[in-house]
Enquirer: 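Here it is: the structure, laid out below.
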There are 2 protein chains.
Amino acid sequence: MDKFLALTEEKRTTILNAALQCFGKFGYEKASINDIAVAAHISKASVFQYFGSKKHLYIYLLEYCKKIIEGIFDKEALDSQTDLFDRIMTSSKIEMESFKTQPFILQFISSVWEETSPDVLDSLAILTEETCKFRNDMILREDDALKFKNPEDAGPVFQMLLLMAEGYAARYRGADTFDFDTVMDDFQKNIAILRKNFYKEEYLK
Amino acid sequence: MDKFLALTEEKRTTILNAALQCFGKFGYEKASINDIAVAAHISKASVFQYFGSKKHLYIYLLEYCKKIIEGIFDKEALDSQTDLFDRIMTSSKIEMESFKTQPFILQFISSVWEETSPDVLDSLAILTEETCKFRNDMILREDDALKFKNPEDAGPVFQMLLLMAEGYAARYRGADTFDFDTVMDDFQKNIAILRKNFYKEEYLK
DNA sequence: GCACTAATAACCGAATCGGTCAAGAGGTTG
DNA sequence: CAACCTCTTGACCGATTCGGTTATTAGTGC
């Protein structure tokens, strides 16, 4: 593991991305070390040199993702946004920006939730716990609903936006190109349209 | 293949579902005949008895899904719906009802779009062509926009609904339980809320 | 030229791959 | 009962791939 840390950052991220992609795409058991080595353009032996075993590599990735998530979650930036739509937009932007440089984390994280291999089952909590925390803080607040023409619509609209975010993620999962800026632009426009039609006149700035 | 058709319908669907699930989950190369045999509670040899080879089985599934899609696509039922939201709701209902009895078709179809194995690459069109046709007919029509308070919102709202449908699919992909009725109920409520807030008063019957 | 290090080609036994086949198990005829 | 037929599968095939190891190489500083 210290052997791995001695590498240049570029080489490290190449290897981590390859591993995240393979595990994310195939799951723990079906992803082979050879798959990862080929994707990272290094030899299979090097992977074992760096991480010792397949299981150690997987656990390293879980902890790596946990740290990344902790890093991007800026509670203050979110709390300062008092408006529901602004808050969703801000958190999405934060998320997207970080995934722009870490393109395979998203599918890896979602694959962890479906992982069933007994080899790593008891290690999954490293990540699942953290992602839960992340989601729980992006929450609908009581006074958000008051801005709606029909306050009872606030909950469903919030759920719809979460659903749409999952739709975006699903649409581009596995795709080799992902134009983040276009997606965010699209999402921003959708949010603007929803706000315009659901908010009372007085809250349309 | 006639050996397979001689089986009882129950046994046939068990085997097909197992195969759809494995190929859908792992992709062509990573899914093994043994995986499928275990999931179907039959022996590996039987799979070869029924289908001859792994490739033949995969192609059989492609054609099987094609037929199912052709079957559920009821053009008349859609054309008779003049309202955008009604049309989306109707097509979603048709889709959901059929997937209720064919729970693994959805993830199999979406996996086909990501398939890259050269063994089956030239056979994928069997299904991809058909699913394209299916989607192209669920289209936004010119006069739909006229019912909107802001006609330019019609396109984005339509896209949002498609996105949400993908979100639902993604959320329950791989999950072993999927309460179709609850999901449809949820979707219906969302559609009603959107309609209420986006349509001109005069179109809210 | 020499020592040290980092990367990998070659290799290991074990497991699994797609695919085959002959030995049953079970049922139907005489 | 014997003879026959159909269907299922355990056991097996050679080939490949698995996770993991090791011995050799290529590069670097002195």
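The sequence lines fix the lettering, A, B, ..., with proteins before strands; numbering per chain opens at 1. Since the model is a prediction, treat every value here as computed from it, not as a measurement.
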Enquirer: Less than 3.5 Å apart, any donor N or O on the side chain of A:Asp119 or A:Tyr58 sitting next to an acceptor on the other?
Expert: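 The criterion, which ignores hydrogens and geometry beyond distance, is not satisfied for A:Tyr58 and A:Asp119.
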Enquirer: What's the shortest heavy-atom distance between B:Thr14 and B:Ala40, and which atoms?
Expert: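 So the minimum-distance heavy-atom pair works out to CG2-O, 4.0 Å.
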Enquirer: How does each nucleotide of nucleotides 25-30 of chain D score, in 5' to 3' order, for protein heavy atoms under 4.0 Å: base (B), sugar-phosphate only (S), or none (-)?
Expert: ------
Enquirer: Round to a whole Å and report the spacing from CD1 of A:Ile36 to C1' of D:dT17.
Expert: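 In whole Å, D:dT17 C1' lies 15 Å from A:Ile36 CD1.
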Enquirer: Parallel, tilted or perpendicular: which one describes the rings of B:Tyr199 and B:Phe148, with boundaries at 30° and 60°?
Expert: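 The arrangement is perpendicular - the two ring planes meet at more than 60°.
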Enquirer: Taking five pairs at each end of the helix from C:dG1-D:dC30 to C:dG30-D:dC1, what angle separates the two helix axes (nearest 10°)?
Expert: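 Inter-axis angle at the termini of the helix from C:dG1-D:dC30 to C:dG30-D:dC1: 10°.
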Enquirer: OG1/A:Thr13 to CZ/A:Phe104 distance, rounded to the nearest 0.5 angstrom?
Expert: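 Between A:Thr13 OG1 and A:Phe104 CZ, I get 11.0 Å after rounding to 0.5 Å.
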Enquirer: So that I can tick it off, tell me whether A:Asp35 and A:Lys25 are bridged by a salt bridge, with the cut-off set at under 4.0 angstrom between side-chain N and carboxylate O.
Expert: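 No, this pair does not count.
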Enquirer: In terms of the angle between their ring planes, are A:Phe187 and A:Tyr168 parallel, tilted or perpendicular, with boundaries placed at 30° and 60°?
Expert: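 The rings of A:Phe187 and A:Tyr168 stand perpendicular, inter-plane angle above 60°.
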Enquirer: Looking only at atom types and distance, does a side-chain atom of B:Glu115 sit under 3.5 Å from a main-chain N or O of B:Tyr28, one as donor and one as acceptor?
Expert: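 At least one qualifying donor-acceptor pair exists.
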Enquirer: With a 3.5 Å distance limit and no angle check, can you tell me whether B:Lys30 reaches the backbone of A:Lys30 through a side-chain donor-acceptor pair?
Expert: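 Yes.
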Enquirer: Can you give me the closest heavy-atom contact between A:Tyr203 and A:Leu146, atom names plus distance?
Expert: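 Reported closest heavy-atom pair: CE1-O, 4.1 Å.
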Enquirer: Quick check: does any side chain N or O of B:Lys54 sit under 3.5 Å from a backbone N or O of B:Ala31, one acting as donor and the other as acceptor?
Expert: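 Here the side-chain-to-backbone pair exists.
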Enquirer: Counting primed atoms plus P, OP1 and OP2 as sugar-phosphate and everything else as base, spell out the protein contacts along nucleotides 5-22 of chain C at 4.0 Å heavy-atom distance: B, S or - for each nucleotide, 5' to 3'.
Expert: --SBB-------SBBBB-
